[in-house]
Amino acid sequence: MLNLMACANVPATTQKSVNAVLRRRQSQSWSSQANSVLSFKSVIMAHGLAVQDSRCVWCTLKISEEGHRTAHRDHIAPKGQYNQWTFLPVNLAIACEYCNGFKVKGELNTVSVPADQYNHSEFLIVHPYLDDTNNHIRFVDNTAGYPILIEGISERGVWTIEKMALASPYITKLRAQDFVFARETEALAAGELELLKRAVDRHT
Ligand SMILES: [Zn+2]
């Protein structure tokens with residue numbers, strides 16, 4: 001999974017407005033069509049795609065706003081259970097539809113001890129902003145340059161890999177394909193590589 005340094009910087013006026021929507025509409029607030037909510041969502045998406053280099057925070061595979069592997073705004077602590085954190089930028093990262101969806105994360109409870117202040121809560125999951133991912137998860141033989149086989153090196157690392165299915169055959173195979181593709185294309189001339197990337201991006 002990705003290690004993220006800073007969450008989106010949402011303009012104060014937008015943040016104030018979405019907080020008001022949250023107070024009014026509670027669990028319905030995320031699907032509100034209010035301008036402030038739409039604007040908040042677009043700031044989160046633009047920031048997330050940029051700092052995450054269009055990769056899913058959990059499985060690290062490439063995503064895009066449209067196409068086969070679409071980008072979702074993932075509430076790290078699920079908004080269904082932690083409604084109060086619906087519009088908290090530090091609770092949001094960009095994930096692929098597979099990791100964010102019902103088959104993997106869905107409404108998975110990721111918090112063991114919620115606190116009034118988000119950052120003081122205890123999490124079950126490795127938190128992409130609040131934790132250093134490298135203290136919890138690593139790739140086997142990564143020193144040789146193979147970021148494919150993943151393993152947990154802390155209790156939360158193990159929990160995250162298991163619950164987020166990061167070591168599943170499906171995701172491991174996709175990671176291997178990604179790695180092999182990157183390695184094989186290194187030998188291509190810049191122009192050829194650009195053409196290939198454009199062709200691939202159209203289908204991912
Ligand atoms: Zn993913």
Side-chain angles (χ1 to χ4, degrees), residues 1-8 30 41-82 85-86 88-111 123-140 142 146-154 156-183 185 197 200-204:
M1 64 175 274
L2 301 178
N3 223 356
L4 301 177
M5 292 303 131
C7 60
W30 187 248
K41 285 180 169 177
S42 95
V43 170
I44 296 293
M45 182 61 81
H47 170 87
L49 287 174
V51 301
Q52 295 179 209
D53 187 27
S54 296
R55 286 182 180 274
C56 169
V57 66
W58 307 115
C59 71
T60 72
L61 295 164
K62 278 279 188 186
I63 45 179
S64 56
E65 281 195 78
E66 293 173 1
H68 184 53
R69 293 176 54 81
T70 53
H72 288 216
R73 299 166 196 85
D74 184 48
H75 288 88
I76 297 160
K79 64 182 184 306
Q81 295 163 65
Y82 304 98
W85 297 329
T86 300
L88 198 61
V90 73
N91 191 40
L92 282 150
I94 303 302
C96 72
E97 61 185 319
Y98 176 75
C99 291
N100 178 247
F102 71 96
K103 274 190 190 160
V104 182
K105 191 159 176 289
E107 284 293 307
L108 175 71
N109 185 9
T110 54
V111 187
F123 289 85
L124 294 160
I125 203 162
V126 177
H127 198 293
Y129 297 111
L130 306 179
D131 291 310
D132 181 348
T133 306
N134 299 315
N135 293 333
H136 301 277
I137 289 171
R138 73 171 172 203
F139 287 107
V140 179
N142 195 33
Y146 303 117
I148 297 167
L149 286 177
I150 203 166
E151 69 175 0
I153 48 174
S154 73
R156 282 192 293 137
V158 170
W159 190 95
T160 302
I161 289 173
E162 190 202 319
K163 301 289 184 184
M164 296 305 296
L166 298 180
S168 71
Y170 172 68
I171 291 294
T172 305
K173 190 176 158 196
L174 287 178
R175 246 189 337 256
Q177 283 175 345
D178 203 36
F179 169 70
V180 170
F181 179 79
R183 194 177 57 178
T185 51
K197 273 189 182 157
V200 170
D201 283 346
R202 272 212 296 273
H203 299 288
T204 54

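Starting from 1, each residue takes its place in the sequence as its number. Just follow the structure's listing: the first ligand is 1, and inside any ligand the first atom is 1. None of these values were measured; they are calculated from a predicted model. Below, all heavy atoms of this structure are taken into account, side chains as well, without hydrogens, waters or symmetry copies.
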Give me the ring orientation class for W85 and Y82: parallel if the planes are under 30° apart, tilted from 30 to 60°, perpendicular past 60°.
parallel
Whether H127 side chain and I76 backbone form a donor-acceptor pair below 3.5 Å:
no
Gap between atom OG1 of T160 and atom CE of M1 - 0.5 Å precision
6.5 Å
Can any side-chain N or O of Q81 pair as donor or acceptor with the backbone N or O of E107 at less than 3.5 Å?
yes
For the side chain of H75 and the backbone of N91, is there at least one donor-acceptor N/O pair under 3.5 Å apart?
no
Do side-chain atoms of R73 reach the backbone of L92 as a donor and acceptor pair under 3.5 angstrom?
no
At a cut-off of 2.8 Å, protein N/O/S around the Zn ion (ligand 1) gives C56 SG, C59 SG, C96 SG, C99 SG
